[in-house]
Amino acid sequence: MAKVNPLSNPKAVKLLCELCHSPAYVQCTGCKVTYYCDADHQQADWTSIHEKICQLLIPVRKSLPFFNSSEERTHCMEQLLQRKKHLIDFTTKEAQKLLYEGKHEHVIPAAMHSLSFSIDVYGLNCVELVPVYLILAEANIGLGHLSQAEEYLSQAYWTVLKAPSCSNTTRSKLHRNLGLLYCAKGEFEESLRHLANDVYFASLACGTHDISTVGGYFHMGNIFFRQNKMDIADSLYSEVTDIWHTFLSRLVDVHIKASTRSGPVWFDDSDQETLDENQETEALQILNSICDIRDQATKKDPVKIMKILHSLTMLFFLTMEYQKAYDFGKKLLLSTQHLSEEDIPDSIGVLMKLLESKLPAEQVSNS
């Protein structure tokens, strides 16, 4: 982290803390354009996001030069706008990733950078601010700061209400966050209503069996699990597993087909489905949780255990964590011993052979 640089603020220059907007007395010595009220807030920002964007902030926060022509000024302003949009995109993705990883305290600084630049670029009442409000709300829910979360969700709700052209994807995320808020407050019926709306809008946006719907199903399952309504929870967890299993199977099938071809293979992969970093993190969180629930159940269903273990094996294979994939694959093979052959997908054996080819022989023999 850049060293603490105490400031003696010049008269008439108002410097504010990056995180809390209190008067600032500390400067980042790396970029020299970011200020904090104290060293604790500097450390929090550095750990969250500042280390990654320190140098990127310099060109967007330094004073503009004198322009010899309007063309020069227009060109410079266009470059500045693109840099700010890049920072919005980058900080939003980083905040979302930290959110999926459960690092709620680290989410806040990254999301605050995104919000600040979004307001600068789009204005205070624009729908582009809603995704950042939702990230901030979910992080505050995770931290137990429910009143702060409610403020962010109120801003998001009224912004969406005034924007009839708002996408179904954004509406889905809004209702998911409202569902999480009411769940944290113990208002389960209201929470379920919003989570059902989450699934509805996600289905309108991407289809009824798209992976974008699984978050709503998963959180509904958790509510019924907490209420000891195990049959309903189990059916929702099964729906989540089925959707991820189908999606991951398609991706793995592409890899398996490619590995069986000889010689160079040329094909257009522009329409191929992919798994981005945030989806990987979400899948890992959800599937691991369901796997633990299945493993701890009094009555174990071999088919359901097989499917969740198969899903995790495929997920680790796709993320190139081959040792983890192989370890889950061994558990998967054990889970199939009590199943009939028609219940065991042929792709499991093919995937295990492919995993063995990815690992050193001694690692396979010792597993």
Side-chain angles (χ1 to χ4, degrees), residues 16 18-21 33-34 45 48-50 52-53 56-57 59-61 64 74-100 104 106-142 148-181 194 197-198 200-206 210-213 215-216 276-279 281-282:
L16 300 178
E18 189 69 33
L19 299 191
C20 67
H21 304 294
V33 292
T34 311
D45 191 33
S48 168
I49 191 69
H50 192 80
K52 297 177 180 179
I53 64 172
L56 297 177
L57 293 172
V60 300
R61 288 182 171 172
L64 292 174
T74 300
H75 176 69
C76 181
M77 296 305 290
E78 287 175 352
Q79 283 190 319
L80 182 62
L81 179 62
Q82 291 308 311
R83 287 191 177 104
K84 288 179 179 179
K85 286 184 175 180
H86 171 70
L87 279 164
I88 292 169
D89 185 57
F90 182 78
T91 53
T92 302
K93 286 180 179 177
E94 287 295 310
Q96 186 67 68
K97 180 185 174 186
L98 290 165
L99 188 61
Y100 282 138
H104 298 114
H106 295 162
V107 172
I108 305 294
M112 290 303 293
H113 277 281
S114 177
L115 182 61
S116 175
F117 282 113
S118 295
I119 291 171
D120 186 22
V121 170
Y122 300 112
L124 267 173
N125 300 310
C126 196
V127 74
E128 280 83 1
L129 273 60
V130 172
V132 193
Y133 287 145
L134 298 181
I135 291 172
L136 285 164
E138 191 168 345
N140 277 284
I141 292 169
Q148 184 63 61
E150 201 156 11
E151 284 185 31
Y152 284 123
L153 286 175
S154 293
Q155 290 174 302
Y157 181 82
W158 287 110
T159 303
V160 168
L161 200 63
K162 291 182 286 185
S165 60
C166 180
S167 71
N168 286 320
T169 299
T170 299
R171 293 177 190 275
S172 165
K173 292 176 180 177
L174 171 61
H175 283 285
R176 182 174 306 178
N177 276 268
L178 287 166
L180 292 173
L181 174 66
H194 283 292
N197 282 333
D198 164 25
Y200 170 72
F201 284 113
S203 299
L204 288 180
C206 304
D210 188 82
I211 57 172
S212 64
T213 65
D276 67 35
E277 194 172 7
N278 286 334
Q279 288 171 333
T281 309
E282 182 185 29

Can you tell me how far apart [atom1] ([X]) and [atom2] ([Y]) are? Round to the nearest 0.5 Å.
| X | Y | atom1 | atom2 | result |
| --- | --- | --- | --- | --- |
| L98 | T91 | CG | OG1 | 11.0 Å |
| I119 | I88 | CD1 | CD1 | 10.0 Å |
| L204 | D210 | CG | CG | 12.0 Å |
| L124 | L115 | CG | CG | 8.5 Å |

Only pairs at least two apart or in different chains count here, so list each salt bridge (charged side-chain N to carboxylate O under 4.0 Å, His left out) that has a residue in residues 112-140. K84-D120

Residue pair [X] / [Y]: nearest heavy atoms and the distance that separates them:
| X | Y | value |
| --- | --- | --- |
| L57 | H113 | CD1-CE1, 4.4 Å |
| V107 | A139 | CG1-CB, 3.7 Å |
| L19 | P109 | CD2-CB, 3.7 Å |
| D276 | N278 | OD1-N, 3.1 Å |
| L136 | N140 | O-ND2, 2.8 Å |
| L181 | L153 | CD2-CD1, 3.7 Å |

Looking at A110, is its backbone amide N or carbonyl O close enough to the side chain of S48 to form a donor-acceptor pair, meaning the two atoms are under 3.5 Å apart?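 Yes, S48 side chain to A110 backbone: donor-acceptor pair under 3.5 Å.
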
Check: E150 main-chain N/O paired with S154 side-chain donor or acceptor under 3.5 Å: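 Side chain of S154 to backbone of E150: a pair is present.
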
List in chain and number order the residues that pass side-chain hydrogen bond (donor to acceptor under 3.5 Å, both in side chains) with S114, two or more places apart in sequence or in another chain; answer none if no residue qualifies. T92

What pairs with D198 under side-chain hydrogen bond (donor to acceptor under 3.5 Å, both in side chains), at least two apart in sequence or on another chain?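 Once residues adjacent in sequence are excluded, the partners of D198 under the side-chain hydrogen bond (donor to acceptor under 3.5 Å, both in side chains) criterion are S172, R176.
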
Counterpart residues, ring pair (Phe, Tyr, Trp, His ring centres under 6.0 Å), relative to H194 (two or more places apart):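 Only H175, Y182 meet the ring pair (Phe, Tyr, Trp, His ring centres under 6.0 Å) criterion with H194.
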
Check: [Y] and [X] side chains under 4.5 Å, non-hydrogen atoms:
| X | Y | value |
| --- | --- | --- |
| Y122 | K85 | yes |
| H86 | Q82 | no |
| F117 | V60 | yes |
| T34 | R61 | yes |
| I135 | Q96 | yes |

Pairing residues for K52 by the side-chain contact (heavy atoms from CB on, under 4.5 Å) criterion, not counting sequence neighbours: F90, E94

Using a strict cut-off of less than 4.0 Å between a Lys/Arg side-chain nitrogen and an Asp/Glu carboxylate oxygen, indicate whether K93 and D89 qualify as a salt bridge. yes

Report, one line per pair, each donor and acceptor closer than 3.5 Å where one atom sits in a side chain of residues 155-169; sequence neighbours left out.
residue : atom : partner : partner atom : Å
T159    : OG1  : Q155    : O            : 2.7
S167    : OG   : T170    : N            : 3.1
S167    : OG   : T170    : OG1          : 3.0

